[in-house]
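Shown next, in structure tokens, is the structure this report addresses.
Reckoned from all heavy atoms, side chains included, excluding hydrogens, waters and symmetry mates. For this chain, numbers begin at 1 and follow the sequence in order.
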Amino acid sequence: MGGGGHQTDQLSAGDRGPYAVYTWEEVQKHSRRGDQWVVVERKVYNVSEWVKRHPGGRRVIAHQQNNGASEAFTAFHPDQRLVRKFLKPLLVGELAPSESSEDHKKNAAIVEDFRALKEQLEAKGLFRTNPLFFVLHLGHVLLLEALSLALLWNWGSGWINTILCILLLATAQSQAGWLQHDFGHLSVFKSSRWDHLVHKFVIGHLKGASANWWNHRHFQHHAKPNVISKDPDVNMLKLLVLGNVEPVEYGIKKLKHMPYNHQHKYFFLIGPPLLIPVYFNIHILQTMYIQRDWVDFAWYLTYYARYFSCYVPYYGFLGSIVLLTIVRFLESHWFVWVTQMNHIPMEIDHEQHDEWLTMQLKATCNVEQSFFNDWFSGHLNFQIEHHLFPTMPRHNYVHAAPMVRELCEKHGVQYQVKGLWEAWCDIVRSLRTSGKLWLDAYLHK
């Protein structure tokens, strides 16, 4: 055992001192709430109390406990020197020299080549932001909102103007959604403090949502994409079964919360139309209340104060609510089809403890590059590059993609690129396939 045989099991971190050594087996004993250790670049940290203050939420750290956090740590933190200041007091030791840097026998060659790739991309300046890109993007969001008001101001709230207003607002909301995503991933400013502040403005004041709600949910998705019980984006509240594993498990257990063999049909009724107007709205309010997040709630209120002050004079209070509901309905379709085309058709399974590269490529695919696809999806057509390098400014994905593809070819990792329509159709095909697997297991296993 690291640190001197079996005696080390009986010593606490404080007894061993800051330069104690541990085996992976010892570290993994500290993997429950209130007793959480993580390994970052061979250093062992006791984060049991720190998780309560972690900006990305406690769960994203909990997901890293048993399989090392080095790659996730590097991916999520652009200013690692700043973060290490917070980590330093949490240090309890390091891995024993006999222990590998990566647990669960990860492929060290893939890990090292991926690290080298990131260094090459950094040397090429692909983690540097073009400020003009984001200024123009924010400008076009504000312009769309201003145009909707200008229509009403000059020509009134007739049916044609109302339809145009709805389309302008739905587009503005969708594009603001991609913009808040950029700030949430700390990919715009050199200072993460400015990213956090502008993120609250965009998601709170421009969209009426919560930055902390988004952080705590979205970083789990990035840390463990398509991993059952860890990625909240594949938690379908028993309404859908996804992939090839979960449907069979449901079938064998004779679970029939819904007629899953028809899920590719009712998906059109409960997925795209309801995610944002119903589920997200309820979950955002619930999260802010439970966490007593009054700062985000204040930002949330500024959105509704601005919206109602602008549109009540034209539509009245109830009419403005109906208008916003329709806008959210359209935005929800836009959001669901864009965000799910890269993930639902891909592998969905329990934790496999893969390398960062392998894990992300199993769960993501790209959609062909074009000016429209880039704009329409907020550059999430480059989902592979985004998942591998979440702090990279999105206007640089296209430059990183050839090098990522080359690395994948070297290690035999599949790099998928589809057309936009094909990617959308694959969502429905995947749901149909999963439904058939469930029905077969339900009837015959």
Side-chain angles (χ1 to χ4, degrees), residues 132-184 197-211 213-214 271-285 288 296-339 371-380:
L132 181 61
F133 175 88
F134 293 102
V135 169
L136 292 176
H137 193 92
L138 175 60
H140 104 288
V141 170
L142 298 177
L143 178 62
L144 289 166
E145 295 219 355
L147 286 174
S148 70
L149 284 172
L151 274 174
L152 301 176
W153 176 273
N154 289 287
W155 292 288
S157 55
W159 280 107
I160 293 178
N161 283 348
T162 297
I163 291 171
L164 290 174
C165 178
I166 288 170
L167 294 175
L168 287 168
L169 287 176
T171 303
Q173 283 296 295
S174 297
Q175 291 299 320
W178 309 144
L179 184 62
Q180 69 82 21
H181 182 258
D182 298 314
F183 291 107
L197 178 61
V198 180
H199 185 218
K200 287 187 180 295
F201 167 76
V202 176
I203 196 172
H205 184 67
L206 296 185
K207 288 196 58 61
S210 163
W213 165 82
W214 184 89
L274 301 181
L275 183 64
I276 290 179
V278 178
Y279 176 69
F280 275 6
N281 272 337
I282 293 173
H283 197 224
I284 288 167
L285 284 169
M288 289 191 294
D296 276 12
F297 186 63
W299 280 108
Y300 172 90
L301 290 179
T302 66
Y303 168 80
Y304 285 97
R306 175 176 62 87
Y307 172 80
F308 284 118
S309 66
C310 289
Y311 292 96
V312 165
Y314 299 101
Y315 295 102
F317 183 71
L318 291 179
S320 297
I321 291 177
V322 172
L323 182 77
L324 181 59
T325 301
I326 297 172
V327 169
R328 294 295 193 212
F329 173 84
L330 295 178
E331 179 198 0
S332 188
H333 279 80
W334 193 328
F335 175 83
V336 169
W337 288 105
V338 167
T339 58
F371 177 81
F372 174 79
N373 286 355
D374 292 351
W375 173 82
F376 184 78
S377 69
H379 288 84
L380 294 183

Self-check item: Under the ring-ring contact (aromatic ring centres under 6.0 Å, His included) test, residues paired with Phe376 that sit two or more places apart
Solution: Trp334, Phe372
Quiz item: Partners of Phe371 by ring-ring contact (aromatic ring centres under 6.0 Å, His included), sequence neighbours excluded?
Solution: none
Quiz prompt | Gln175 side chain vs Trp375 backbone, donor-acceptor pair below 3.5 Å | solution = yes
Quiz item: Is there a side-chain contact (heavy atoms from CB on, under 4.5 Å) between Phe329 and Ile276 once you walk through the steps?
Solution: CA-CA 7 Å; Phe329 173 84; Ile276 290 179; over 6 Å; no
Quiz item: What pairs of residues pass the side-chain hydrogen bond (donor to acceptor under 3.5 Å, both in side chains) test when at least one of them lies in residues 142-158, not counting sequence neighbours?
Solution: Glu145-Arg306, Ser148-Tyr311
Quiz item: Looking at NE2 of His181 and NE2 of His199, how far apart are the two atoms once the value is rounded to the nearest 0.5 Å?
Solution: 9.0 Å
Quiz item: Which distance, rounded to the nearest 0.5 Å, do you find between the CD1 of Ile166 and the CG of Leu324?
Solution: 10.5 Å
Self-check item: Residue of the set Ile282, Asn281, Leu275 for which side-chain contact (heavy atoms from CB on, under 4.5 Å) holds with Val278
Solution: Ile282
Self-check item: Minimum side-chain heavy-atom gap Ile203-Asp296 below 4.5 Å
Solution: no
Self-check item: Within residues 158-173 or reaching into it, pairs that qualify as side-chain hydrogen bond (donor to acceptor under 3.5 Å, both in side chains) - sequence neighbours excluded
Solution: Thr162-Tyr315, Gln173-Lys207, Gln173-Arg328
Self-check item: By ring-ring contact (aromatic ring centres under 6.0 Å, His included) - contacts of Tyr303 (at least two apart)
Solution: none
Quiz item: Aromatic ring centroids of His205 and Tyr307 under 6.0 Å?
Solution: no
Quiz prompt | Atom pair CG/CG of Leu147 and Leu164 - distance to nearest 0.5 Å | solution = 10.5 Å
Self-check item: Ser332 (side chain) donor-acceptor with Pro272 (main chain) under 3.5 angstrom
Solution: yes
Practice problem: Check whether any side-chain heavy atom of Val202 sits under 4.5 Å from a side-chain heavy atom of Val141, and report yes or no. | Solution: no
Quiz item: What do the steps show when you test Trp213 against Met288 for side-chain contact (heavy atoms from CB on, under 4.5 Å), and what is the final call?
Solution: CA-CA 7 Å; Trp213 165 82; Met288 289 191 294; 5.7 Å; no
Quiz prompt | Closest approach of Ala209 to Ile284 (non-hydrogen atoms, all atoms of both residues) | solution = CB-CD1, 3.7 Å
Quiz item: Who are the ring-ring contact (aromatic ring centres under 6.0 Å, His included) partners of His137, not counting sequence neighbours?
Solution: His140
Quiz prompt | Euclidean distance, Leu274 CG relative to His333 NE2, rounded to 0.5 Å | solution = 8.5 Å
Quiz item: How many angstroms lie between CG in Leu330 and OG1 in Thr325, if you round to the nearest 0.5 Å?
Solution: 11.0 Å
Quiz item: Hey, what's the ring geometry for Phe335 with Trp178, parallel, tilted or perpendicular (30° and 60° as the breaks)?
Solution: parallel
Quiz item: Which value, rounded to the nearest 0.5 Å, describes the distance between Leu151 atom CG and Tyr314 atom OH?
Solution: 10.5 Å
